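Here is the structure we will look at, set down as structure tokens.
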Amino acid sequence: MTNTNLDQTKIITETERLLLREMIPDDLEVLCGIMCDQQAMEAAYVTAFTAEEVAAWLQRHLKRYETLGFGLWAVILKQTGQMIGQCGLTMQSWNDQEILEIGYLFQRAHWHRGYATEAAGACMDYAFSVLGASAVYSVIPAAHDASRAVAVRNGMQIVDRCSKNFRNVDMDFLLFSCERSRNESR
């Protein structure tokens, strides 16, 4: 599916190959293609989402744009205008404190091309330069090697670990972080 009508959406940031823009209701079909895909979701979310869960997910992020001024954004491949994933910033709970997290999900057809690293790096830059954040984080399942590699490539380091029950499965998570001063040397 191609979504080339960017006039109706708010562009947040861009990279050499990607545009990050606010998601819109019309993005639901593409999001379902990612989040209802068992293989794409098993490492990060254990199981695929239902179409209803994806619709609720999208509505939460549309609301976050209004209340927080940020959320997960659509990742658009400049070359084609196609939405290939989502990447952005959310507030997450970690050990009873709220942290600013970079999160991402991409269509499997676009894995292993550097898009997650590129988009997450742009979100990190946005967090520091626009939001004035002093640090950003990524909460990553310990077994998810590809996401761990994205965090490391963007200058993040493991700062904490925990185990918790997520979607009825006991999982180990790693907390990666990068401080603004470390990011300036990226």
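Here the structure is a predicted model, which means the values were calculated and not measured. Hydrogens, waters and symmetry mates are skipped; everything else that's a heavy atom, side chains included, is used.
A salt bridge links D27 with R21; the closest basic N to acidic carboxylate O contact falls under 4.0 Å.
In this structure, the separation between CZ on F128 and CG on L131 is 10.5 Å, given to the nearest 0.5 Å. How far OG of S163 is from CG of D170: 7.5 Å, rounded to the nearest 0.5 Å. Atoms OG1 and CD1, from T13 and I11 in turn, are 9.5 Å apart once rounded to the nearest 0.5 Å. Taken to the nearest 0.5 Å, the CZ atom of F106 stands 12.0 Å off from the CZ atom of R113. With values rounded to the nearest 0.5 angstrom, L28 atom CG is found 11.0 Å from I24 atom CD1. Remark: Q59 CD to R64 CZ distance equals 12.0 Å, nearest 0.5 Å.
Every residue meeting the ring pair (Phe, Tyr, Trp, His ring centres under 6.0 Å) condition with F49, not counting sequence neighbours, appears here in chain and number order: Y45, W57. In terms of the side chain to side chain contact (heavy atoms under 4.5 Å, CB included) criterion, residue partners of E101 (sequence neighbours excluded) are, by chain and number, T90, Q92, V139.
The closest side-chain heavy-atom distance from C36 to V54 is below 4.5 Å. Here the side chains of C178 and M124 are in contact, with some heavy-atom distance below 4.5 Å. Between T117 and N154, some side-chain heavy-atom pair lies under the 4.5 Å cut-off. Annotation: side chain of Y115 is not in contact with side chain of V75 (no heavy-atom distance under 4.5 Å). Residues F70 and M91 have side chains in contact (heavy-atom distance under 4.5 Å, counting atoms from C-beta outward). Between D160 and N95, the closest side-chain pair of non-hydrogen atoms falls below 4.5 Å. With a 4.5 Å cut-off on side-chain heavy atoms, M41 and M35 count as touching.
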Run D37 and R108 through salt bridge (Lys or Arg N to Asp or Glu O under 4.0 Å) and show every step you take. CA-CA 9 Å; D37 178 341; R108 281 189 292 129; 2.7 Å; yes
Would L72 and L105 satisfy side-chain contact (heavy atoms from CB on, under 4.5 Å), going step by step from the backbone distance to the final call? CA-CA 10 Å; L72 290 177; L105 291 167; 5.9 Å; no
Show your working on side-chain contact (heavy atoms from CB on, under 4.5 Å) between K78 and E16 and close with a plain yes or no. CA-CA 8 Å; K78 285 182 178 180; E16 182 180 333; 5.8 Å; no
Does the pair M23 and L31 meet the rule for a side-chain contact (heavy atoms from CB on, under 4.5 Å), with working shown? CA-CA 10 Å; M23 289 188 281; L31 285 174; 3.7 Å; yes
Quick one, Y104 with V150, criterion side-chain contact (heavy atoms from CB on, under 4.5 Å). Give me CA distance, side-chain angles, the key distance, then yes/no. CA-CA 10 Å; Y104 41 85; V150 167; 3.4 Å; yes
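Annotation: cation-pi pair K164/F173 present, NZ/CZ under 6.0 Å from the ring centroid and within 45° of its normal.
Counting all heavy atoms, side chain and backbone alike, E22 lies closest to I12 at CG-CD1, 3.9 Å. Scanning both residues, S177 and Y137, for their nearest heavy atoms gives OG-CE2, 3.3 Å. When all heavy atoms are compared, the tightest approach of R148 to A142 is NH1-O, 2.7 Å. Taking all atoms of both residues into account, the shortest heavy-atom contact from L100 to A127 is CD2-CB, 3.9 Å. Annotation for M83 and Q107: closest pair O-NE2, 3.6 Å, computed over non-hydrogen atoms. The two atoms that bring C87 and L20 nearest to each other are O-CD2, 3.9 Å, heavy atoms only.
The aromatic rings of W73 and Y126 sit perpendicular, their planes meeting at an angle over 60°, well past the 30° parallel limit.
Counting only distance, with no hydrogens or angles, the side chain of T80 and the backbone of Q82 share a donor-acceptor pair below 3.5 Å. Side-chain atoms of S138 come within 3.5 Å of backbone N or O of I102 as a donor-acceptor pair. The backbone N or O of A48 lies less than 3.5 Å from a partner atom in the side chain of Q38, making a donor-acceptor pair. E53 contributes a side-chain N or O that, together with a main-chain N or O of T50, makes up a donor-acceptor pair within less than 3.5 Å. Side-chain N or O atoms of W94 include none that pairs as donor or acceptor with a backbone N or O of I99 at under 3.5 Å.
In the model, R180 has no side-chain atom that pairs as donor or acceptor with a side-chain atom of S134 under 3.5 Å.
Within a 6.0 Å radius of CD in E98, more than 12 heavy atoms belonging to other residues, nucleotides or ligands are found.
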